[in-house]
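This report concerns only the one structure given below.
In listed order, ligands and their atoms are each counted from 1.
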Amino acid sequence: MIIALDGPSASGKGTLARHLAKALNLAYLDTGMIYRALAARLLEAGSDPADSEAARRAARVLTVADLERPGLRREEVGQTASVVAAIPEVRAALLELQRQFAMRPPDGTAGAVLDGRDIGTVVCPQADVKLFVTASAEARAARRHKELLDRGEPSIYARVVQEMEARDARDSAREVAPLKPAPNALILDTSEMDEEAVFAAAMRIVAARTPSSPAQGPQSPD
Ligand code: CDP
């Protein structure tokens, strides 16, 4: 079973993906971390993230160990990630890694949850369940602001709004794999929902789409 969760930043898709993976015993891949890891490598090397040749070279040698790099959640890394993510050759170089994870999830799990921007549209168009998780710009900015403060990082709300708008615009406007719902994705607007409500709604959708999944609850003997 493959569950594809796409959506803009701070829409709640990461939290939802983790909950779903745990509840359904599926592997989880946060594909944003792949772009962040690549961005971190380029920042560390002092390369220009818009230099497609350097980015493509770095994408080719990216390993799973890179996803463990410290500081990947930093805003500077997120912004740089969205610059390198717009380079078609970079996306192509990272596609196989993501598909391999979906088709052959680690630890012998029966499937995977992937979250990102183009999982339902490009990486796994055959996914069993596709959700586009979104929320109002205000709700997302408030969440990101709180997340930064909770992590002990300085944060100015107005700046968070600005940075989020810049990243959303870049992710939605790029030519290759832009942020948009897959034609058959269900839209889940989490603006007014807490984590539990989002999880419950997603579990209902999964159960409806995959009648034999554990999300359906215990099956009757016949
Ligand atoms: O955590 P947040 O939602 O803020 O960002 P992320 O999921 O970690 O993604 C960071 C950046 O990577 C995004 O702004 C996208 O530009 C890029 N990305 C992408 O292009 N495709 C994906 N499947 C995942 C992330």
> Would you call Asp171-Arg117 a salt bridge at under 4.0 Å N-O?
Replying inline: yes
> How far is atom 1 (O) of ligand 1 from its nearest protein heavy atom, and which residue and atom name does that atom have?
Replying inline: Arg73 NH2, 2.6 Å
>> Between Arg209 and Asp128, is the side-chain contact (heavy atoms from CB on, under 4.5 Å) condition met? List the steps.
In response: CA-CA 7 Å; Arg209 295 247 163 152; Asp128 302 278; over 6 Å; no
>> Residue-level breakdown please: for Arg140 versus ligand 1, do any non-hydrogen atoms fall below 4.0 Å on the side chain, on the backbone, on both, or on neither?
In response: neither
> So which of Ser9, Ser82, Gly32 gets nearest to atom 2 (P) of ligand 1, if we judge by its closest heavy atom?
Replying inline: Ser9
> Which atoms of ligand 1 are found less than 4.0 Å from any heavy atom of Ala85?
Replying inline: 16 (O), 17 (C), 20 (O)
> What's the shortest distance from atom 10 (C) of ligand 1 to any protein heavy atom, and which residue and atom give it?
Replying inline: Arg167 NH1, 3.5 Å
> Among all protein non-hydrogen atoms, which one is nearest to atom 7 (O) of ligand 1, and what is the separation to 0.1 Å?
Replying inline: Arg117 NH1, 3.0 Å
>> Between Asp189 and Ser191, do the side chains contain a donor N or O and an acceptor N or O under 3.5 Å apart?
In response: yes
> How close does the nearest protein non-hydrogen atom get to atom 8 (O) of ligand 1, and which residue and atom is it?
Replying inline: Arg36 NE, 2.6 Å
> Which residue holds the protein heavy atom closest to atom 16 (O) of ligand 1, what is that atom called, and what is the gap in Å?
Replying inline: Asp171 OD1, 2.5 Å
> Just checking, any donor-acceptor pair under 3.5 angstrom between side chains of Tyr35 and Arg91?
Replying inline: yes
> Is the number of heavy atoms from other residues, nucleotides or ligands within 6.0 Å of CD1 (Ile156) greater than 12?
Replying inline: no
> Do Arg41 and Arg69 have side-chain heavy atoms sitting under 4.5 Å apart?
Replying inline: yes
>> Exactly one of Arg143, Arg140, Lys13 should register a side-chain hydrogen bond (donor to acceptor under 3.5 Å, both in side chains) with Thr190. Which one does?
In response: Arg143
> In the protein, what heavy atom is nearest to atom 12 (O) of ligand 1, and what distance, to one decimal place, separates them?
Replying inline: Tyr35 CB, 3.6 Å
> Is there a nitrogen or oxygen of Arg91 sitting under 3.5 Å from a nitrogen or oxygen of ligand 1?
Replying inline: yes
> Any idea which atoms of ligand 1 are less than 4.0 Å away from a heavy-atom of Arg144?
Replying inline: 1 (O), 2 (P), 4 (O)
> Among side-chain atoms of Arg167 and Ser82, is any donor-acceptor pair under 3.5 angstrom?
Replying inline: no
>> For atom 24 (C) of ligand 1, what's the nearest protein heavy-atom neighbour? Residue, atom name and distance, please.
In response: Thr31 OG1, 3.4 Å
